[in-house]
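Naming: A, B, ... by sequence-line order, numbering from 1 per chain. Quick note: numbers below take in every heavy atom, side chains included, and nothing from hydrogens, waters or symmetry partners.
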Protein chains: 2
Amino acid sequence: RPMLPAVLNACDAARDAALERLFTFLRIPSISTDPAYAGEVKRCAEHIAADLAAIGLDVAVYPTEGHPMVVAKSRESHASGPHVLFYGHYDVQPVDPLDLWETDPFDPRIVERRDGTAKIVARGSSDDKGQVMTFVEACRAWIEATGKLPVPVTILLEGEEESGSPSLDGFFKAHGDVIAADFALVCDTSQWDAETPAIATTLRGLVGEEVTITCADKDLHSGSFGGAARNPIQLLAKILASLHDDDGRVTLPGFYDGVPEISDALRAMWDGLDFSESDFLGEVGLSIPAGETGRSVLEKIWARPTCEVNGITGGYTGKGFKTVLPSKASAKVSFRLVGTQDPLAIRKAFRAHVEAMLPADCKVEFHEHGASPATVLDVSGEGVSKARQALEEEWGRPAVLVGMGGSIPIVGAFKRRFGLDSVMVGYALDNDQIHSPNEKYELASFIKGTRSWARILGAYGNLS
Amino acid sequence: RPMLPAVLNACDAARDAALERLFTFLRIPSISTDPAYAGEVKRCAEHIAADLAAIGLDVAVYPTEGHPMVVAKSRESHASGPHVLFYGHYDVQPVDPLDLWETDPFDPRIVERRDGTAKIVARGSSDDKGQVMTFVEACRAWIEATGKLPVPVTILLEGEEESGSPSLDGFFKAHGDVIAADFALVCDTSQWDAETPAIATTLRGLVGEEVTITCADKDLHSGSFGGAARNPIQLLAKILASLHDDDGRVTLPGFYDGVPEISDALRAMWDGLDFSESDFLGEVGLSIPAGETGRSVLEKIWARPTCEVNGITGGYTGKGFKTVLPSKASAKVSFRLVGTQDPLAIRKAFRAHVEAMLPADCKVEFHEHGASPATVLDVSGEGVSKARQALEEEWGRPAVLVGMGGSIPIVGAFKRRFGLDSVMVGYALDNDQIHSPNEKYELASFIKGTRSWARILGAYGNLS
């Protein structure tokens with residue numbers, strides 16, 4: 001007897017109640033970075049734990065040195081495997097600048113548009129409470145309609161994703177066994193566009209370095225010393241300029257070790273996407289692609305490593321002019337990594353390169369700001385193949401396999417620590433204004449996202 | 001009948017009274033940049049005007065849009081020429097940080113050292129009230145001892161030197177005729193060292209430029225756009241790095257037009273100076289000269305043009321790390337000029353160079369911060385030759401002709417507007433801490449400076 005139609009019906013029938021549950025979740029200001037909200041974050045963990053228990057899952061709340069981890073497990077399921085681990089987070093970004101919000105960020109509301117679409121406006125509506133609830137509501141519908149989940153499910157909800165996940169490592173060490181699974185499902189990414197679902201299959205890694213160069217031991221007057229004393233800004237500019245060659249390639253020795261060419265199949269899929277380089281750049285006021293010669297924009301941001309200067313400062317930067325010849329200049333430099341590039345080797349190569357360009361009477365200090373390798377997920381297994389098929393059934397068009405220019409550290413951690421691949425399916429849109437005022441989530445994302453998870457879970461249990 | 005011995009005796013006899021007059025002058029907090037002190041600046045102008053009138057000079061105080069100009073003229077003199085114009089300023093720098101002063105900056109005091117030397121500590125003691133009073137006291141001694149000055153003298157004292165001389169141009173336009181003279185004497189510079197007098201004969205010019213580069217029209221996320229969107233910091237670094245070649249020469253086309261080689265005589269004099277490049281650089285923590293290959297440090301700072309970056313900023317510069325790909329980056333760049341280098345041509349060449357390196361979808365804004373040519377003073381005339389001889393008689397060793405790495409705009413203005421050369425003789429020392437807390441002037445500078453001017457004035461009148 002087919003189960004899925006009843007489950008999808010249950011999803012649709014619960015729509016108003018599901019929205020009300022999401023709104024209750026959104027009303028709790030679970031801002032993890034601000035200690036003033038610690039009580040609210042805790043209340044939010046307890047709220048979602050109670051909701052997961054109400055569905056019939058076994059729930060545990062694990063205190064950490066920071067905010068709690070919520071873990072929920074299914075008691076029984078129609079099929080014995082695969083066991084899936086769902087990851088999401090219940091904390092949200094701060095809301096400042098508050099005066100740019102059109103309404104209270106923690107008073108969620110639905111805004112209907114003339115074309116019949118509607119959006120849910122609130123902090124966390126898209127990142128990540130709305131996305132989390134698509135999965136929770138799908139689980140609820142399966143249990144309501146069929147008595148149990150199609151496959152064993154563990155849900156892990158973190159309360160510190162927006163503040164750098166400081167307690168994750170400790171939690172994994174102490175309780176790693178409770179999240180054992182065959183693969184992970186992560187709902188914290190975007191669709192290709194409003195009509196086209198997407199699965200992210202690669203994430204770039206990141207190495208952050210701060211470099212401070214000191215020449216003279218005090219600020220000098222450029223009239224008295226200019227031309228004879230080393231200028232650290234000019235030295236730094238020379239070093240930064242030397243990091244790329246004329247073809248936009250990074251010059252550090254060994255930098256491209258472990259950088260794979262994308263497969264012909266992936267290239268064909270990306271070439272087939274309705275992606276306009278001129279629209280992509282045009283939206284931010286640009287028209288000429290930067291970076292490596294001979295690579296497409298999508299390849300550059302999804303599949304190629306980069307070196308970017310994220311900040312620079314030195315000398316007098318106020319209004320007017322001072323003829324100072326400064327003592328120090330510094331820059332923040334980051335590398336995005338792909339394939340099997342080694343973050344520590346790249347940090348070392350960068351530091352060696354800077355030191356080699358430094359005159360013997362100048363000094364350099366380095367500060368590290370993270371080092372994580374790229375994540376390349378298995379796209380051949382059933383985790384991805386069944387999700388693709390289920391998404392196509394819901395959306396009426398194939399799901400696109402996309403790269404992600406950014407980094408989601410949890411995905412790398414799952415892979416490195418537990419050997420777990422992740423299936424990254426999310427229903428956000430690029431214009432959701434996450435981390436910004438007036439964050440929103442499409443009502444359609446919430447509705448079709450819930451139905452999508454219901455289908456994906458069914459597909460994993462071979463239940464139709 | 002020789003007059004000079006009596007004049008020098010008068011200088012010595014008046015020492016205590018002269019110090020008391022200097023202290024009265026120093027007690028007036030004539031901080032020109034701070035509107036709260038406008039009344040004190042006016043009081044200071046009136047005070048020095050009254051003192052000059054007391055000597056027997058014809059004095060006029062000219063109101064300006066800012067602080068007043070004080071002009072005093074001798075009524076008669078022993079010889080008809082040359083007519084000399086003395087320039088100094090009665091305003092002082094602000095005193096903050098006040099807590100670093102050991103005593104009240106406007107309560108002057110004498111601090112005696114164990115070796116018998118002593119210093120006068122107060123704001124303005126060296127820059128420029130103490131230096132101004134060496135000339136005023138020399139004039140007073142000549143009139144007291146002989147009834148008149150040796151040559152016609154005009155004294156111009158400005159009240160806005162420390163705030164960029166905004167009223168000078170207007171004053172020159174309205175009253176330029178009152179400062180007509182054969183050449184100027186400027187007492188606002190340093191000796192070579194405590195035992196060796198110096199005359200500055202060249203001043204570098206200055207072109208200031210602020211350049212702001214805009215790529216994307218908003219800050220971007222380096223994960224989403226890195227590798228495809230232009231990074232303005234990297235573009236700026238590349239531009240700044242391109243301004244010098246591997247030999248430390250500035251690469252702008254035509255930059256060295258009008259840059260003379262120094263004469264063999266000057267080179268021989270500089271080579272003969274007791275100057276240690278390693279001490280000069282060592283005092284600021286450096287050991288390897290920067291700048292042009294094959295030039296001495298003195299040549300670099302006195303006789304060669306430079307390009308220095310005085311400030312740079314872009315992207316995230318706070319604590320920690322943000323993976324922003326910024327919209328803008330900017331730098332403040334200055335050029336020191338020598339010889340007949342054309343500041344406007346250099347500004348134009350700089351802007352053309354930046355624009356040529358700019359991709360078509362990026363924008364650049366320039367802001368100018370001054371443009372003045374170098375000043376090369378006539379060292380062959382009697383103004384310098386007689387001053388050199390008089391200084392040697394007072395100090396017992398030859399006065400050194402030195403270059404100045406910095407700029408004194410009034411000297412260029414005298415030359416360009418009135419064709420007036422300046423003889424720059426000053427008795428400050430490099431360690432006087434002008435513009436800093438605990439500014440001081442050597443008591444010996446005040447005493448021997450007064451006697452030096454007495455001798456120089458006598459020499460101009462051929463009076464011994």
Side-chain angles (χ1 to χ4, degrees), chain A residues 204 206 208 210 215-218 220-231 233-234 237-238 240-241 244 281 284-292 297 300-301 304 306 308-317 320-325 329 332 334 336 359-361 369-370 405-407, chain B residues 204 206 208 210 215-218 220-231 233-234 237-238 240-241 244 281 284-292 297 300-301 304 306 308-317 320-325 329 332 334 336 359-361 369-370 405-407:
Chain A
R204 291 198 284 194
L206 185 66
E210 187 167 351
C215 294
D217 58 15
K218 56 180 78 72
L220 307 175
H221 187 278
S222 77
S224 311
F225 284 89
R230 187 83 47 189
N231 185 318
I233 301 176
Q234 285 159 229
K238 200 171 150 190
L240 296 177
H244 292 87
L281 291 173
V284 298
L286 295 172
S287 61
I288 304 169
E292 284 182 273
V297 165
K300 284 173 187 169
I301 59 176
R304 300 296 299 175
T306 66
E308 295 287 341
V309 183
N310 305 107
I312 190 167
T313 185
Y316 180 69
T317 59
F321 211 91
K322 283 193 186 173
T323 51
V324 63
L325 198 172
K332 297 181 203 276
S334 65
R336 298 271 172 187
D361 60 346
H369 291 284
S407 309
Chain B
R204 292 199 283 194
L206 186 65
E210 187 166 351
C215 294
D217 58 15
K218 57 179 76 69
L220 306 175
H221 187 277
S222 76
S224 311
F225 285 89
R230 187 83 49 190
N231 185 318
I233 301 176
Q234 285 159 228
K238 198 172 150 188
L240 296 176
H244 292 88
L281 291 173
V284 297
L286 294 172
S287 60
I288 304 169
E292 284 182 273
V297 165
K300 285 173 186 169
I301 59 176
R304 299 296 299 175
T306 67
E308 296 288 341
V309 183
N310 305 108
I312 191 166
T313 185
Y316 180 69
T317 59
F321 211 90
K322 284 192 185 174
T323 51
V324 62
L325 198 172
K332 297 181 202 278
S334 65
R336 298 271 171 187
D361 61 345
H369 291 284
S407 308

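- Chosen from B:K300, B:E210, B:H369, the residue pairing most often with chain A at heavy-atom distances under 4.5 Å is B:H369.
- Although no hydrogens or angles enter the test, the distance criterion places no donor-acceptor pair under 3.5 Å between the side chain of A:E292 and the main chain of B:G227.
- B:I301 touches chain A through backbone and side chain together, each having a heavy atom under 4.5 Å away.
- For B:I233, the part lying under 4.5 angstrom from a heavy atom of chain A is the side chain only.
- Only the side chain of A:L281 comes within contact range of chain B, judged by heavy atoms closer than 4.5 Å.
- Within the 4.5 angstrom heavy-atom criterion, atoms from both the backbone and the side chain of A:T313 approach chain B.
- For A:R204 (side chain) and B:G223 (main-chain N/O), a donor-acceptor pair under 3.5 Å exists by modelled atom type.
- Interface summary for chain A: among B:G291, B:A241, B:G226, the most heavy-atom pairs under 4.5 angstrom belong to B:G226.
- Interface check for chain B: of the options A:G315, A:G370, A:G311, the most heavy-atom pairs under 4.5 Å are formed by A:G311.
- When B:A229, B:G320, B:G285 are compared by the number of non-hydrogen pairs under 4.5 Å with chain A, B:G320 comes out ahead.
- Counting heavy atoms from C-beta on, the side chains of B:R336 and A:T323 come closer than 4.5 Å.
- Taken from CG in A:N310 to NZ in B:K322, the straight-line distance is 11.5 Å, to the nearest 0.5 Å.
- Of the two parts of B:A360, the backbone and the side chain both hold a non-hydrogen atom closer than 4.5 Å to a non-hydrogen atom of chain A.
- Once rounded to the nearest 0.5 Å, the distance linking OG1 of A:T317 with CD1 of B:I312 reads 10.5 Å.
- Your options are B:I288, B:T306, B:L206, and the one with the most heavy-atom pairs under 4.5 Å with chain A is B:I288.
- In this structure the side chain of A:Q234 never reaches within 4.5 angstrom of the side chain of B:L240, judged on heavy atoms.
- Looking at B:S287, the atoms closer than 4.5 Å to chain A (heavy atoms on both sides) sit in the backbone and in the side chain alike.
- Of the listed residues (A:P359, A:A329, A:S224), the one with the most heavy-atom contacts under 4.5 Å to chain B is A:S224.
- Contacts with chain A were tallied for B:R230, B:K238, B:E308; B:E308 has the most, counting heavy-atom pairs under 4.5 Å.
- With A:N231 contributing its side chain and B:V309 its backbone, the two residues share a donor-acceptor pair below 3.5 Å.
- For B:L286, the parts lying under 4.5 angstrom from a heavy atom of chain A are both the backbone and the side chain.
- Of all the listed residues (A:P289, A:A228, A:G405), the one sharing the greatest number of non-hydrogen pairs under 4.5 Å with chain B is A:A228.
- Across all their heavy atoms, A:G208 and B:F321 have their closest contact at CA-CZ, 3.9 Å.
- In this structure, chain B has heavy atoms under 4.5 Å from both the backbone and the side chain of A:K332.
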